[in-house]
Each structure stands twice: as C-alpha cells, then as structure tokens.
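Counting convention: from 1, in listed order, for ligands and their atoms alike. What you see is a predicted model; the values in this text were computed from it and never measured.
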Amino acid sequence: MSEEDGHTDGGIEARLDEQDVFEPPASFVEQANVTDEGIYEEFEENWPDAWERAAELIEWEEPWDRILDDSNEPFYEWFVDGKLNASYNCVDRHLDERAEEVAIEWVGEPGESRTYTYEELHREVTEFAAALYELGVGEDDVVAMYMPMIPELPIAMLACARIGAPHAVVFAGFSPDALADRMNAGDSSYLVTCDGYYRRGDPLNHIEKARSGVEKVDQDVTSVVVDRLGDERAVDLGPDEHDYDTLVQEQAGATVEPVTRDAEDMLFLMYTSGTTGEPKGVKHTTGGYLAYAAWTSHAVLDLKPEDTYWCSADIGWITGHSYIVYGPLALGTTTLMYEGTPDYPDNDRFWEICDEYDVDVFYTAPTAIRAFMKWGPEYPAAHDLSSLRLLGSVGEPINPRAWLWYYEHIGGEECPIVDTWWQTETGGMMITTLPGINDMKPGSAGPPLPGIGADVVDPSGDPVGADRAGHLVVNRPWPGMLRTLYRNDERFLEEYWREYSKSERDQWVYFPEDGAKIDADGYITVLGRVDDVINVSGHRLGTMEIESAIVGVPGVAEAAVVGGDHELKGEAVYVYLITEDGQEETDAFRDEIVAAVDEGIGPIARPEEVIFTPELPKTRSGKIMRRLLEDIASGKELGDTSTLRNPEIVGEIAEQIGGADE
Ligand code: WT7
C-alpha cells in the first residue's frame, strides 16, 4: 500500500460518490478460471444439462443417468443414480499428483502450526474412519461434532464421509442445551469433541460443556475426545469417552475403502435457525452438494490446486463446510484454518497470517471487515499482502464503505471482491459476480450465478421491476440445494415453498426469507431477512429460540426479542421484557436474563440490552409490532403508531433506551 493511499473516511465517501462500478483488474482476468461471458447463455440454453460442468469437477464411481429428476417437486434429485464418495474426492483423488502438497495448513491461536499433506490427511482420515467402525458407527448413523477450529474437525468430517455416516457439526460456541437439542433432533448416538481450545490466550474448558450437553441427550452417547490442550488440562475420560489419539494409534496403517454412496445419499445435516423455536436440520446430499461446492469454489473463488486459500469462517457453520472443507479440498487446494480471533495477540493477526503463508484468496465476513476498519489501515499496511489475488465477503450485506475499504486496504486495488449471497439451505453461493467476468458494484452482490434463477417479487409473486424492494425468490432448482429438513418434509414445504409456489403459475418457487432489490443490469442487492431471524456478526439466530430461553426465567411474564442495528455486529439482540408482578426491574435481573440466553443458546446470542416495559406495542388485533421494536432498538425515526392499541407505550420504551445509551 502506498503512502498517499491513506484514504480517510472522507476519501472513501468522495470516491464512492464518483465511482460506483469497478472493473475486475486485468491481471486477475488474465489468469481467471472462468472468463467466457457466454457461460450465462450456455446455462440458459442448455439447462439443466449445463450442470454437468459442475459434476465433471469431481470424480464419480458411476456416472449419473439423469442430471435432474423433477418428478416429485420440490423434492428434486440431482445426478440421479450417480455413485461417488466425498472423502475419496477430497483426499484420495489427489494422492497421485498432490500427495506431498499441503491439504490443510492449521494455525493455532498461541502461535503453533500444523501441516497436513494430502498423504498425511489420507492416513489420518482413514485411521479415524477405522476407529469409527470399531466404535460401532455404521452407514447412515448421524455423528455429531462439537469442536472448535482444530484439524481433527475436518478430519472427523471426512472420516464420516468415507464410511457414509452423515455428520452434524454443532458450532463450539453454542451452549450445552443447544448441543443436546440438536443431538436429540438428529438422533445422534456419537459425538466427537475436545478438551478445550484457546481464546485470546486463555484455554477454554470445552469438555465440560460437551458433557453437560450429553447428559441431556435422550439416547446413550459414545464420545471421542480430542486432546487439544495437552498438559494445560488433564481430563479423566469416562467409560463412554474415548481418547482420539489412542483410537487413531490403534488403527495405525489401517485401510478403509471409501463406501460407495448414491448421489442423493445424505452427506451431512446442518442445523440452522428459523422462525419457530425449533432448529431446522438442513439435509445436504453427496453428489449435488459436492459438485456445487467444487464448482462455486472454482468459478467464484477462482481456486487452483497450487493456491493457499483462507476462509476465516468457522467450520461449525455452512461457510466452513462448503468453503474450508469440501470445496477447496475437492479441488486439491491448500486450505488454511485459524483457531483464534483476529485481534489476538494484536489487531494485525489476520494480515500476519496472510503474509506468512502467502495467502492467494481470502474469504471473510463484513462484520470482520467493519472491525478492521475501526482498528485502522496501519494494521494491514504493516504486512506484505501482495500475494492476495481475490477477496470474498459472505454472511450479511456489505455496505459500500466497508467494501471500498476492503478493496483499497486489503486488496491494494488489485483484487476483485466477490460479495456472495447464499444460505445454509443453498449449500453454496447463489448470487455473486464472477470475478473474471463481471464488473463489481459495491453493496450489491451481483447477478445470479449461471444457471441460477432468482428474482425479486411482490406479495403476489410478480416481479417488482427495477430498483424496487421486494422478496427474493429462487425459481429454479440447483444442485447444492437442501433436499428437505431432516425427518420433516412438511416443515420443508411450509418454510420454503408454500409462500410463492402458486398453482396457477405451475412453478415451484423457493423463498429464502430475504428482502432484496434488483437493478436494471440484473444486479441484486440483498436487504436482509424478512422473517424473525436476526444476523449477529454473520451468525443466524432465531428470535423465538432466544425468547424461549428467556421466558423460562422465573419473574418473566413476556419477552420479545428483535434485532437492532449495530455498528460492528450488523445486528445485535435487544430484549423487551415484561416482568411478573412483584419482580423487581433491577440490573441483577437483567444479568439473569443474559445468563439464561448464554445457557440456552450461547454467548453469540447475548443480549445487547434488556429493556423493561410494562407492555409491548401491539396492534388492535393483539399482534406484537416487531418492526416498531426494531426501529426503536436501531434508534430510527418511528413511523405512524396510530394503528396501535397502546401507542403511548412507544414513547415510554424509546425514552428508556435513550437513557440507557447515555
Ligand atoms: C443469511 C443466511 C451464506 C453462509 C453464511 C450465512 C444473509 C448471507 C449475504 C450477502 C447479504 C447475506 C442472508 C441469508 N447473507 N450472505 N452476501 N449479502 N446477505 O448462512 O446462517 O444460513 O444465513 O445470511 O440474510 O439469508 P446462514
């Protein structure tokens, strides 16, 4: 970064006033994986057959008979009768040419690192697969994982894939209760976890959380425990707990042939939040998902086998599944994993890692970018970031100022940025520019990918036209799509398909529950969720789940949880609380509420503010006016409140928040 490049905030605004379209740098385009604009047309003319392009990036034991079976809409099937194994594709397939190349580059928070070549990855995945067999895990048994960012997590996932046992990874930051809920829902009798991990220098006790979760699981659970902390924390294992290292050593040199899986066999479950309190078990399958993860990694992230690629997400979320593990490894790339946070030991940790490992492609979330902006450009400027070729963003809308800061201070104006819209349910990226083809418009994700049908519609399902806000819909199936919600086809139909699949249109339309607008060039700007789901630092949280953790606290009569704007987190959790008669409205009681959320969901859902109120604003028909509560939390001007049954309450609440801010 040059000296005169120290753009101030004023500089950013001025530049955005001048320039709202950015061309991909020629140096990038010259080497990009996908550069032919004709690809959009090719997919249109040759749909769905063009999806072969995706499937051909991976290896099949037996080819598919049909690309798409849509005879039982919307329960689509892809690459029908194709046979493959995902672990084979991510590991064994690379042994001929890339055995000595690095598959996983792991950086621990305290500074140590570990490297797994494809050969080493193959060995450990095979040995752990043998250990899983030994423990009794069979094909189609769901294996839960509750682990932070340590290499044993992707190894365990790939070992499961090898033997055809779907994994269900639960984010390590979730509470024991949240783990137990998910293990019960998935009927998991196996758990892979660890003793602890490091956060900002301190060893955290994780096994205690895992154990108290397991206590609440209905079925008997066999656990495998990875020793991450060594001597820092000696753990005595119980009779149903097995030491990971011992298991792997016992299987030294074992061979386990990858199980032949049908394209439509389940690869994994991933729980995510929805409108009701109960988490949704999103089911992804082997063929379509893997082909889609590999294809988008190739076309959007531009990954090449010789790249070192870093996605800073956590593997406990879908981003990590698709773009730390399956996509990059299917392509034979080096994927980097970092255990810790960006501000430890100092605010330049990410740039130190990019510099040291010569990271080529970097994928992160707007919440991180906003933090980097706040810390200042001197942190990236202190490192050589010239190895970077492409930058990505995911998880929430990126505002143009953050986009431009990322472009200038991290990419040195030489890296395209892909702002990728997608969801747990979509399996992979759906709306984004192709970095070797499209111009970029800061703040807008871009057009739908080739072969993806997306539009913005009004409540009756008709397109709203250019530049008008409406609901985002996806009107054609795609290979990476979820197949159903685990053991709940009815909820799958209800949550995603009923809203816009009108029989008179004779078309099945998927509703992702986001608002959006589309411009005259077909670029889509995603505006955020339109359901009761909030996005805190790129983490998707259901307000109902949080509410149900709160209403269990004695003294609480009623609670409403909404998202309010937050400078760094995007959205933060606001709790409006009505206490029972006799319950004092004290700070100590607020702390109890916060503790209940920690326990029910985890610190990621911790409330920003708990606001006591004698009533909630309700319509005359008795519906809570959530939008109004959101506007109050965000400090926005409040619109018309005259339709409320109790308009006077609004002023009372707003006053309290104003007071709390001072
Ligand atoms: C929700 C999905 C995609 C993996 C991480 C989150 C929001 C995601 C973008 C983006 C605007 C975005 C949407 C979506 N979202 N990416 N580039 N621009 N919004 O997965 O937890 O399933 O959350 O994240 O609201 O519905 P998820």
**Message:** So if I count the atoms of ligand 1 from 1 in the order they appear, which ones are less than 4.0 Å from some heavy atom of Asn535?
**Reply:** 7 (C), 24 (O)
**Residue, atom name and distance, where the atom is the protein heavy atom closest to atom 11 (C) of ligand 1** = Pro397 N, 3.1 Å
**Gly395 N/O to ligand 1 N/O under 3.5 Å** = yes
**Item:** Top protein contact for atom 25 (O) of ligand 1, by heavy-atom distance
**Value:** Asp514 OD1, 2.7 Å
**Message:** I need the Glu608 CD to Lys569 NZ distance, nearest 0.5 Å.
**Reply:** 4.0 Å
**Item:** Arg540, any N or O under 3.5 Å of ligand 1 N or O
**Value:** yes
**Request:** Determine, stepwise, if the pair Trp497 / Tyr510 fulfils ring pair (Phe, Tyr, Trp, His ring centres under 6.0 Å).
**Result:** CA-CA 5 Å; Trp497 301 95; Tyr510 172 86; 5.5 Å; yes
**Message:** Counting neighbours of CD on Glu23 that are heavy atoms of other residues, nucleotides or ligands and sit closer than 6.0 Å, is the number greater than 12?
**Reply:** no
**Request:** Mark the output for Trp422 as yes if a heavy-atom distance to ligand 1 is under 4.0 Å, and as no if none is.
**Result:** yes
**Asked** Which of the atoms in ligand 1, numbered in the order shown and given with their element, are less than 4.0 Å from a heavy-atom of Thr420?
**Response** 9 (C), 10 (C), 16 (N), 17 (N)
**Request:** Give yes if a backbone or side-chain nitrogen or oxygen of Thr319 is under 3.5 Å from a nitrogen or oxygen of ligand 1, and no if not.
**Result:** no
**Request:** Find all atoms of ligand 1 within a distance of less than 4.0 Å from any non-hydrogen atom belonging to Val394, and give their numbers and elements.
**Result:** 3 (C), 4 (C)
**Asked** Has Arg627 got more than 12 heavy atoms of other residues, nucleotides or ligands less than 6.0 Å from its CZ?
**Response** no
**Asked** Of all the non-hydrogen atoms in the protein, which one sits nearest to atom 10 (C) of ligand 1, and at what distance?
**Response** Glu396 O, 3.5 Å
**Request:** Could you please spell out the steps behind the salt bridge (charged side-chain N to carboxylate O under 4.0 Å, His left out) verdict for Lys283 and Glu264?
**Result:** CA-CA 10 Å; Lys283 176 182 163 181; Glu264 283 296 314; over 6 Å; no
**Asked** Near Ile318, which atoms of ligand 1 are under 4.0 Å from a heavy atom of that residue?
**Response** 4 (C)
**Prompt:** Less than 3.5 Å between some nitrogen or oxygen of Thr424 and one of ligand 1, yes or no?
**Reply:** yes
Show me the donor-acceptor pairs, under 3.5 Å and distance only, between side chains in residues 473-482 and residues at least two apart or in other chains.
from, atom 1, to, atom 2, distance (Å)
Arg476, NH1, Glu44, OE1, 3.4
Arg476, NH2, Glu44, OE2, 3.2
Trp478, NE1, Thr426, O, 3.0

**Message:** Applying the ring-ring contact (aromatic ring centres under 6.0 Å, His included) criterion to Phe362, which one of Phe372, Trp351, Tyr309 satisfies it?
**Reply:** Trp351
**Asked** Of Thr296, Thr420, Thr335, which is the lone residue that meets side chain to side chain donor-acceptor pair (under 3.5 Å) with Tyr323?
**Response** Thr296
**Item:** Glu73, CD atom: more than 12 neighbouring heavy atoms under 6.0 Å
**Value:** yes
**Prompt:** Relative to the heavy atoms of Val526, which atoms of ligand 1 are at a distance of less than 4.0 Å?
**Reply:** 11 (C), 19 (N)
